[in-house]
Every structure is written in C-alpha cells, then in structure tokens.
There are 2 protein chains.
Amino acid sequence: MIPNKPDHSKSQRLTQQRSAVLHAVEMVRTHPSAEEVFHLVRKELPNISLATVYRNLHLLAEEGKIREVQFEGDVLRYDGITGPHEHFYCRSCRTVWDIDRSLSPQAIHDVERSMKASVESYNLDFYGLCSVCRRKA
Amino acid sequence: MIPNKPDHSKSQRLTQQRSAVLHAVEMVRTHPSAEEVFHLVRKELPNISLATVYRNLHLLAEEGKIREVQFEGDVLRYDGITGPHEHFYCRSCRTVWDIDRSLSPQAIHDVERSMKASVESYNLDFYGLCSVCRRKA
DNA sequence: CTCTTATCAGTAATGATTCCTAATAAGCCC
DNA sequence: GGGCTTATTAGGAATCATTACTGATAAGAG
C-alpha cells in the first residue's frame with residue numbers, strides 16, 4: 001500500500017461497460033441523456049444495465065472525462081467535449097448546440113473579486129428557437 | 001366568451017395560497033426550494049398542501065412573476081427577482097448569490113447570428129466556494 | 001346572495017436517479 | 001496461463017422531487 005500518490009481517478013478498472021459508455025458519449029454529438037446512452041451502448045453490450053450506465057456517467061463526469069449538462073425542464077445530459085464552450089438549447093426540439101465561445105478571464109475575475117469567492121467553473125446556456133423550429137413557428 | 005384578448009396570465013383567481021406563495025418567494029432572499037416555500041407559507045396558512053405550493057410556483061414562474069433557477073446537483077429553486085442578473089452558487093454551503101451583471105446585447109446578438117436562432121433568454125451561473133466556505137476549506 | 005368553476009387539500013402516481021446484493025471479471029502476482 | 005483480491009456489474013428495489021387525480025371549497029362575476 002502506498003499512502004502517498006493519491007488516486008484522483010475514481011475508476012480503477014477499465015471495464016468494457018465503462019469504456020463503451022465513454023465512447024458513446026464521445027462519439028455522438030447530441031448531448032445524450034443517460035437513457036439515450038443506455039440504448040446506444042446496448043447495441044454493443046446487450047446486457048448492460050441502466051444502473052451501470054448511470055454509475056459510469058457520474059464517475060466519468062467526476063473525473064472530467066465527460067461533462068454533465070442540464071437545461072430547463074429537461075433531464076441531465078452529457079457532453080463529450082470537455083473544453084470550455086457554451087450551449088444553445090432549442091426550447092422546441094430540445095436540440096443542444098455547442099457555441100465556440102467563452103467568458104473572458106477578466107469577467108470571471110471580476111466575479112471572484114466582487115464575491116470574494118473562488119470561481120471553479122461556470123455555465124452559460126442560451127435558450128430560444130433554433131433556425132429550423134423558428135421557421136415552423 | 002371573448003375570442004380576442006388572449007389571457008396571458010394562467011392564474012385567474014387571486015387565492016390566499018397563491019398570493020402567500022408569491023409573497024414568500026419575494027420576501028425571502030435565499031432562492032428557496034419548493035419545500036422551503038412550503039414551510040414558510042405554512043406559518044401563515046397551516047393547511048396549505050405541498051402540491052398547491054408546487055402548482056403555484058410553476059404557475060407564477062410561467063407568468064414571469066418569479067423565476068425558476070436550477071444548479072448542478074440541487075433541487076429546483078425560485079428567485080423573487082425577475083430582472084436580468086446572474087448567480088453565484090457555492091458548491092459547499094449551496095448558498096446562491098445574486099450578481100448584478102448581465103451579458104451585453106451585442107454578445108446575445110452574436111449568438112443569434114451565429115446560430116441563426118432567436119435567443120429568448122440565457123442563464124449564467126458561476127460555481128465555486130463563497131468567501132466563508134473558502135476560509136473553512 | 002348565487003352560481004360557476006378555478007383552485008384547493010390530500011394522496012396516489014410518475015419518472016429520473018441511486019442504492020443494494022450476490023455474481024462476475026479486471027488486472028496484479030506468481 | 002492460473003489464482004486471487006476486490007472493483008464492478010446486472011437486476012431489481014428504494015428514494016426523492018415533482019406531477020396527476022379527485023371530491024370538496026371558495027373566488028369573484030352577475
């Protein structure tokens with residue numbers, strides 16, 4: 001037993017289930033829900049359990065390998081892209097679009113200073129109608 | 001029956017319960033959950049039902065009289081301030097702080113242009129440790 | 001004061017997520 | 001490669017927030 005060298009990664013064994021879940025979230029670009037990941041992974045591992053999908057999604061998010069995202073009135077969803085970016089959520093079709101943009105370090109620092117707090121992360125989500133749904137409405 | 005003049009307000013009768021729920025959310029500055037509003041309102045109306053609190057919170061939010069807010073790993077909460085502002089959420093004590101700041105119209109328009117979408121609203125939430133919790137940690 | 005019906009209290013139902021347990025399989029050691 | 005330890009799994013039960021349902025109540029128009 002080695003007391004030093006703390007293990008930051010919560011997942012210690014690379015199981016088929018875990019890598020399949022990670023792979024699914026990374027491959028698909030739809031910001032899938034747990035249920036959707038479950039259906040995707042099932043094609044490869046027909047016996048995987050929904051609880052396993054939930055457990056691994058949570059674990060992978062904690063390790064920073066995927067990102068948890070949540071939008072008003074919707075279920076938790078997952079994003080395979082972990083770098084800083086923002087989201088546009090269509091209130092009609094519930095599609096999530098990545099926005100390649102991010103707050104300036106200055107803006108974040110301003111919040112830290114005014115709050116006297118440390119800011120670890122932030123979420124910026126835009127809501128509205130996407131180009132397709134806007135035409136229909 | 002008057003076909004014109006659509007009634008935007010979903011709540012048509014001003015009941016004791018409804019005004020008590022609205023009053024509670026407006027008075028308290030803690031961005032309370034439904035459960036917390038329930039306990040607050042109970043002091044005034046001991047027989048009010050939790051379902052009534054939920055129904056009215058939802059209704060009032062739809063009318064724009066209060067605002068629904070949600071933070072990572074937390075329950076839905078409500079904000080009595082409806083004007084544009086942002087939030088800081090302490091991951092440790094779960095306190096929500098209002099930030100008197102808002103995105104420039106230009107930034108929002110940039111998103112609309114790049115997405116070819118219409119942006120109705122946005123949420124900007126900062127996560128971290130507040131000044132008090134930062135000292136403890 | 002009456003009457004219509006939106007709203008209520010109370011409780012059952014739902015839906016997403018988490019917990020529990022015996023069985024399984026990573027992956028280290030030989 | 002074969003054992004061995006134990007993290008992880010499958011499957012189902014349990015939890016928790018929220019919503020739906022139903023007969024009773026009370027807003028508020030006339």
Side-chain angles (χ1 to χ4, degrees), chain A residues 1-2 5-25 31-63 65-66 68-78 94, chain B residues 1-2 5-25 31-63 65-66 68-78 94:
Chain A
M1 185 183 172
I2 304 154
K5 196 173 193 179
D7 191 359
H8 277 243
S9 64
K10 315 253 173 176
S11 61
Q12 314 176 11
R13 293 180 184 175
L14 186 60
T15 63
Q16 291 182 52
Q17 290 88 340
R18 185 159 302 153
S19 60
V21 167
L22 175 57
H23 198 249
V25 176
H31 305 76
S33 65
E35 199 77 35
E36 285 161 351
V37 172
F38 177 54
H39 287 301
L40 285 168
V41 172
R42 259 199 160 173
K43 293 174 187 168
E44 201 184 328
L45 302 171
N47 292 325
I48 196 170
S49 134
L50 180 55
T52 297
V53 172
Y54 269 104
R55 186 165 10 84
N56 282 309
L57 284 171
H58 185 250
L59 228 54
L60 292 165
E62 269 200 326
E63 292 182 65
K65 292 185 178 161
I66 63 176
E68 234 169 14
V69 292
Q70 177 146 40
F71 303 98
E72 290 176 9
D74 204 339
V75 169
L76 261 183
R77 297 169 67 157
Y78 295 86
R94 299 184 167 207
Chain B
M1 185 180 174
I2 304 153
K5 196 173 191 178
D7 193 358
H8 276 242
S9 63
K10 314 254 174 170
S11 61
Q12 313 177 11
R13 292 181 183 175
L14 184 60
T15 63
Q16 291 184 50
Q17 292 87 341
R18 184 159 301 153
S19 60
V21 166
L22 174 57
H23 198 249
V25 175
H31 304 77
S33 66
E35 198 78 34
E36 285 162 351
V37 173
F38 177 54
H39 287 302
L40 285 168
V41 171
R42 258 196 160 176
K43 293 173 187 170
E44 202 183 328
L45 301 171
N47 292 325
I48 195 171
S49 136
L50 180 55
T52 297
V53 172
Y54 269 104
R55 184 165 13 82
N56 282 306
L57 285 172
H58 186 250
L59 227 54
L60 291 165
E62 270 201 324
E63 290 182 68
K65 293 188 178 160
I66 62 176
E68 234 168 16
V69 292
Q70 177 147 41
F71 303 97
E72 291 178 8
D74 204 340
V75 168
L76 262 182
R77 298 168 65 155
Y78 295 86
R94 303 185 164 204

| query | Could you state the interatomic distance from CG (B/Leu59) to OH (B/Tyr54), rounded to the nearest 0.5 Å? | reply | 15.5 Å
| Whole angstrom value for the distance that separates P of C/dG10 from CD of B/Gln17 | 11 Å
What are the atom names and distances for every N/O pair under 3.5 Å that joins the protein to nucleotides 13-17 of chain C?
| residue | atom | partner | partner atom | Å |
| --- | --- | --- | --- | --- |
| C/dT17 | OP1 | A/Leu76 | N | 3.3 |
| C/dT17 | OP2 | A/Tyr54 | OH | 2.5 |

| message | Rounded to the nearest 0.5 Å, what separates atom CG in B/Leu57 from atom CZ in B/Phe38? | response | 12.0 Å
| Any B/Gln12 side-chain N or O less than 4.0 Å from OP1/OP2 of D/dA29 | no
| field | Neighbours of DNA chain C within residues 37-47 of chain B, by heavy-atom distance under 4.0 Å | value | B/Asn47
| query | OP1, OP2 of D/dA27 versus side-chain N and O of B/Arg18: anything below 4.0 Å? | reply | no
| said: Does D/dA20 have its OP1 or OP2 closer than 4.0 Å to a side-chain nitrogen or oxygen of B/Arg55? | reply: no
| Just wondering, are more than 12 heavy atoms of other shown residues or ligands nearer than 6.0 Å to CD in B/Glu72? | yes
| message | How long is the straight-line distance from NE2 of A/His31 back to CG of A/Leu76, given to the nearest 0.5 Å? | response | 13.5 Å
| task | Check whether any side-chain N or O of A/Thr15 sits under 4.0 Å from OP1 or OP2 of D/dA7, and answer yes or no. | result | no
| field | Whole-Å distance separating the CD atom of B/Gln16 from the C1' atom of C/dT7 | value | 12 Å
| message | With side-chain contact (heavy atoms from CB on, under 4.5 Å) as the criterion, how do A/Tyr78 and A/Glu68 come out once you've worked through the C-alpha distance, each side chain's angles and the decisive distance to 0.1 Å? | response | CA-CA 5 Å; A/Tyr78 295 86; A/Glu68 234 169 14; 3.2 Å; yes
| field | Between C/dA25 (P) and A/Ile48 (CD1): distance, integer Å | value | 13 Å
| request: Examine distances only and state if a side-chain atom of A/Glu36 and a backbone atom of A/Ser33 form a donor-acceptor pair shorter than 3.5 Å. | output: yes
Return a table of donor-acceptor pairs under 3.5 angstrom between the side chains of residues 17-24 of chain A and protein atoms on other chains or two or more places apart.
| residue | atom | partner | partner atom | Å |
| --- | --- | --- | --- | --- |
| A/Arg18 | NE | A/Asn56 | OD1 | 2.6 |
| A/Arg18 | NH1 | A/Arg13 | O | 3.0 |
| A/Arg18 | NH2 | A/Asn56 | OD1 | 3.2 |
| A/Ser19 | OG | A/Thr15 | O | 3.3 |
| A/Ser19 | OG | A/Gln16 | O | 3.2 |

| request: Using whole Å, report how far CZ of A/Arg13 lies from P of D/dA7. | output: 6 Å
| query | Is any side-chain nitrogen or oxygen of B/Ser49 closer than 4.0 Å to OP1 or OP2 of C/dG10? | reply | no
| field | Candidate nucleotides D/dA20, D/dG12, D/dA10, ranked by approach to the side chain of A/Ala51 - the nearest | value | D/dG12
| query | Are the side chain of A/Glu63 and the backbone N or O of A/Leu60 linked by a donor-acceptor pair below 3.5 Å? | reply | no
| How close or far is atom P of C/dT18 from atom CG of A/Leu57, stated in whole angstroms? | 10 Å
| field | Between P of D/dT8 and CG of A/Leu14, the distance in whole Å | value | 10 Å
| query | Should A/Leu50 and A/Glu35 count as side-chain neighbours, where that means a heavy-atom distance under 4.5 Å? | reply | yes
| task | Specify the separation, in whole Å, of atom CD of A/Glu62 and atom P of C/dT18. | result | 11 Å
| query | How close or far is atom C1' of C/dA6 from atom CD of B/Glu63, stated in whole angstroms? | reply | 13 Å
